[in-house]
Number of protein chains: 2
Amino acid sequence: MPLQLPPLTAIRVFEAAARQGSFTKAAAELGMTQAAVSYQIKLLEERVGAPLFLRKPRQVVLTEVGSRMVPMVTEAFGLLSEAYQVARAGSGGTLGISTVHTFASNWLAPRIGSFQLRHPNIAVRLDTSSYLVDFSREEMDIGIRSGSGKWPGLATHFLLRSQFSPMLSPRLAESIGGIKEPADLLKLRILNPADIWWKDWFAKANVPADALDRMPDTSLGSQAAEANAAIAGQGVTVLTTALFTAELAEGRLIQPFELTAHGGDYWLVYPEGRRNVPKIRAFREWIMAELNCPTDATVD
Amino acid sequence: MPLQLPPLTAIRVFEAAARQGSFTKAAAELGMTQAAVSYQIKLLEERVGAPLFLRKPRQVVLTEVGSRMVPMVTEAFGLLSEAYQVARAGSGGTLGISTVHTFASNWLAPRIGSFQLRHPNIAVRLDTSSYLVDFSREEMDIGIRSGSGKWPGLATHFLLRSQFSPMLSPRLAESIGGIKEPADLLKLRILNPADIWWKDWFAKANVPADALDRMPDTSLGSQAAEANAAIAGQGVTVLTTALFTAELAEGRLIQPFELTAHGGDYWLVYPEGRRNVPKIRAFREWIMAELNCPTDATVD
DNA sequence: CCCATACATAAGGCCATTTAATGGGTCGTG
DNA sequence: CACGACCCATTAAATGGCCTTATGTATGGG
């Protein structure tokens with residue numbers, strides 16, 4: 001039996017009226033008319049079965065029944081209010097980020113520290129998965145995904161263009177006397193020959209790449225893993241240039257050609273209606289600044 | 001600042017949904033449609049700024065934010081419910097009876113004990129005053145008054161017919177050799193010669209009573225006070241017969257003539273809308289039985 | 001005695017809430 | 001694998017609770 005409750009609007013009004021000792025003042029406090037207060041009190045009195053106020057000349061005073069109700073009602077509303085506030089603030093407690101592995105390890109992880117420094121009260125939970133998170137089923141706040149930038153119900157912000165280009169370790173390049181022209185790459189082991197990006201890139205380089213089809217597929221499932229294999233000199237792979245600036249700068253990988261092809265872009269996404277939730281706004285503004293994006297680059 | 005509260009209907013629905021772990025079940029519990037529950041939850045989630053439930057295949061489960069809210073919300077509703085119940089029952093706590101002095105001391109007081117025995121959980125507060133209580137200004141539940149039986153906004157029940165007749169102490173009657181005929185009364189001191197009842201009674205007895213006008217008024221303001229004076233042998237007065245059955249039976253007063261005249265009747269009154277408040281019903285049923293009145297003798 | 005104040009009441013309208021209907025998704029089952 | 005059961009979301013339309021405006025009543029102060 002579901003716990004019998006008084007009419008909530010009425011009792012809310014009652015609480016204010018009891019505190020103020022006046023219907024008129026209560027009405028002012030609640031932003032409604034005195035008539036509405038009178039109506040609600042009367043309603044509650046009928047439900048309770050007893051008068052809650054005595055109507056004295058210039059004021060109303062609580063009856064015994066009324067005054068017995070007040071403390072509990074006040075406390076109850078205090079609790080509700082607190083629960084509400086806590087929930088609203090609490091939503092700023094933890095920021096759940098769902099992102100693809102590559103982006104997490106090659107771009108986000110090295111930089112997320114600066115976000116945490118700026119927002120010490122927001123805890124970050126990083127979750128990497130290969131599928132686009134469903135915000136209604138998983139407790140995530142934002143996602144970073146590559147794709148077309150069109151997802152229904154989600155707000156999207158363009159992060160960076162996924163330019164990719166073949167990369168390999170300098171030692172492997174040396175082992176065949178350096179990479180002079182695109183076709184040289186085919187002399188090496190291609191880590192992920194089935195990857196469509198290879199076809200795109202060779203096409204752009206005007207190099208027939210039928211050979212790719214005959215190579216064994218040894219792809220590892222993520223750019224990060226393949227990058228590691230490449231760094232270890234196991235072969236050559238195509239990688240998103242923006243995500244491996246560190247490896248390129250340190251010489252662990254080289255990008256033999258300026259030529260890049262274009263894949264799906266990276267996007268920041270979150271549920272439409274949550275644009276102004278503080279922690280989401282904070283992250284959005286941070287990442288946009290970090291990437292030098294105009295902050296208004298929103299796509300619907 | 002008046003303490004920010006969440007939408008109350010929404011949070012009520014939330015509590016049920018959280019407890020049931022299902023929108024459909026919550027809807028059933030609250031007696032509304034599943035769609036309404038969905039709507040309210042969505043509303044609350046927007047206000048809070050964070051999802052409260054994760055929509056899993058066959059059920060909904062609380063998010064972290066949601067589960068933090070539940071305990072406080074549950075407790076708050078518990079308090080509200082308790083306050084409500086207490087108030088409803090608490091209205092059974094004390095029965096405020098406003099009655100005229102005579103009726104209180106001569107009829108009610110000797111009998112009220114039997115009411116209290118039958119309803120040990122109802123405390124009785126007896127207030128005697130000469131005016132008709134205004135239920136909206138004084139914390140009274142029922143009134144007993146004599147009059148026409150017509151009061152706007154009040155439910156009324158006929159209690160007893162106010163038959164009155166001269167009464168005096170047996171010793172006083174003896175002192176003039178007994179009361180043989182109505183005119184004999186005029187030989188004695190009349191305690192309340194200005195009382196209209198004397199005129200009525202003498203008129204009905206076909207005795208000219210001009211002499212009354214020339215007597216000094218020594219009325220004491222209530223039948224009970226005058227009855228005491230009469231018992232003390234200080235004079236003769238008119239009294240409501242039904243209220244002095246004990247004095248008559250014990251011989252402390254005598255009623256020399258069967259002849260009675262009729263004054264305003266006694267009525268039980270209370271605010272229209274409170275007919276079925278337990279304590280009021282209890283008192284009504286008790287007093288009607290005590291007076292052998294048919295319980296349906298209601299007059300509007 | 002009149003004005004100011006405070007609550008009660010009546011009539012009417014609006015919007016929040018609800019319902020009904022529909023769709024999408026998952027699970028269990030034959 | 002198709003089908004039905006179950007559950008939640010969404011849409012549009014209907015309802016009625018709640019509020020406002022307007023007016024009445026009572027009290028107390030000047």
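The sequence lines fix the lettering, A, B, ..., with proteins before strands; numbering per chain opens at 1. Below, each value reflects all heavy atoms present in this structure, side chains not excepted, and no hydrogens, waters or symmetry copies. A quick note: this is a predicted structure, and the numbers were derived from the prediction, not measured.
The phosphate of dT21(D) has neither OP1 nor OP2 within less than 4.0 Å of any side-chain N or O from Thr33(A). Distances shorter than 4.0 Å separate some side-chain N or O of Thr9(B) from OP1 or OP2 on dT17(C). OP1 and OP2 of dC8(D) both lie 4.0 Å or more from every side-chain N or O belonging to Ser38(B). Taking 4.0 angstrom as the limit, Ser22(B) places none of its side-chain polar atoms (N or O) nearer than this to OP1 or OP2 of dC7(D). Contact check, Gln40(A) against dC19(D): a side-chain N or O comes under 4.0 Å of OP1 or OP2. Close to dT26(C), at under 4.0 Å from its OP1 or OP2, lies a side-chain N or O of Arg137(A). Checking the phosphate oxygens (OP1, OP2) of dA8(C), a side-chain nitrogen or oxygen of Arg55(A) falls inside 4.0 Å.
A centroid separation of 6.0 Å or more is found between the aromatic rings of Phe158(A) and Tyr266(A).
Partner of Phe103(B) under the side-chain contact (heavy atoms from CB on, under 4.5 Å) criterion, out of Leu160(B), Thr240(B), Thr128(B): Leu160(B) alone.
Shortest non-hydrogen contact noted between Tyr270(A) and His157(A) is OH-NE2, 2.5 Å. The shortest non-hydrogen separation linking Arg19(A) to Glu29(A) is NH2-OE2, 2.9 Å.
Distance Tyr39(B) OH to dC7(D) P: 24 Å, rounded to the nearest Å. Following rounding to the nearest Å, Leu30(A) (CG) and dT20(D) (P) show an atom-to-atom distance of 10 Å. Protein atom CE of Met32(B) is 15 Å distant from nucleotide atom C1' of dA20(C), rounded to whole Å. Rounded to an integer number of Å, the gap from CZ of Arg12(B) to P of dT17(C) is 14 Å. With rounding to whole Å, Gln20(B) atom CD is found 11 Å from dC8(D) atom P. Per the geometry, CG belonging to Leu44(A) stands 15 Å off C1' belonging to dG17(D), to the nearest Å. One can place CD of Glu46(A) at 13 Å from P of dC18(D), the figure rounded to the nearest angstrom. The nearest whole Å value for the distance from the CZ atom in Phe135(A) to the C1' atom in dA9(D) is 18 Å.
When each of dC18(D), dC19(D), dC7(C) is scored by its nearest atom to the side-chain atoms of Phe23(A), the top-ranked nucleotide is dC7(C).
The residue Lys42(A) sits close only to the backbone: its heavy atoms come under 4.0 Å of sugar-phosphate atoms, none of a base. Among the atoms of the strands shown, only primed sugar atoms or phosphate atoms (P, OP1, OP2) are found under 4.0 Å from some heavy atom of Thr24(B). Residue Gly21(A) is out of contact with every strand shown, counting any heavy-atom pair closer than 4.0 Å. When heavy atoms are screened at a 4.0 angstrom cut-off, Val37(A) is found touching no nucleic acid atom at all.
For dA8(C), the base has a donor-acceptor partner in the side chain of Gln34(A) [N/O atoms by modelled type, under 3.5 angstrom].
For the pair Lys279(A) (side chain) and Thr94(A) (backbone), a donor-acceptor distance under 3.5 Å is present.
Salt-bridge check for Glu45(B) with Arg55(B): passed, with a basic side-chain N closer than 4.0 Å to an acidic carboxylate O.
Nucleotides of DNA chain D nearest to Ala36(B) and Lys25(B) differ in position, and the one nearer the 5' end is that of Lys25(B).
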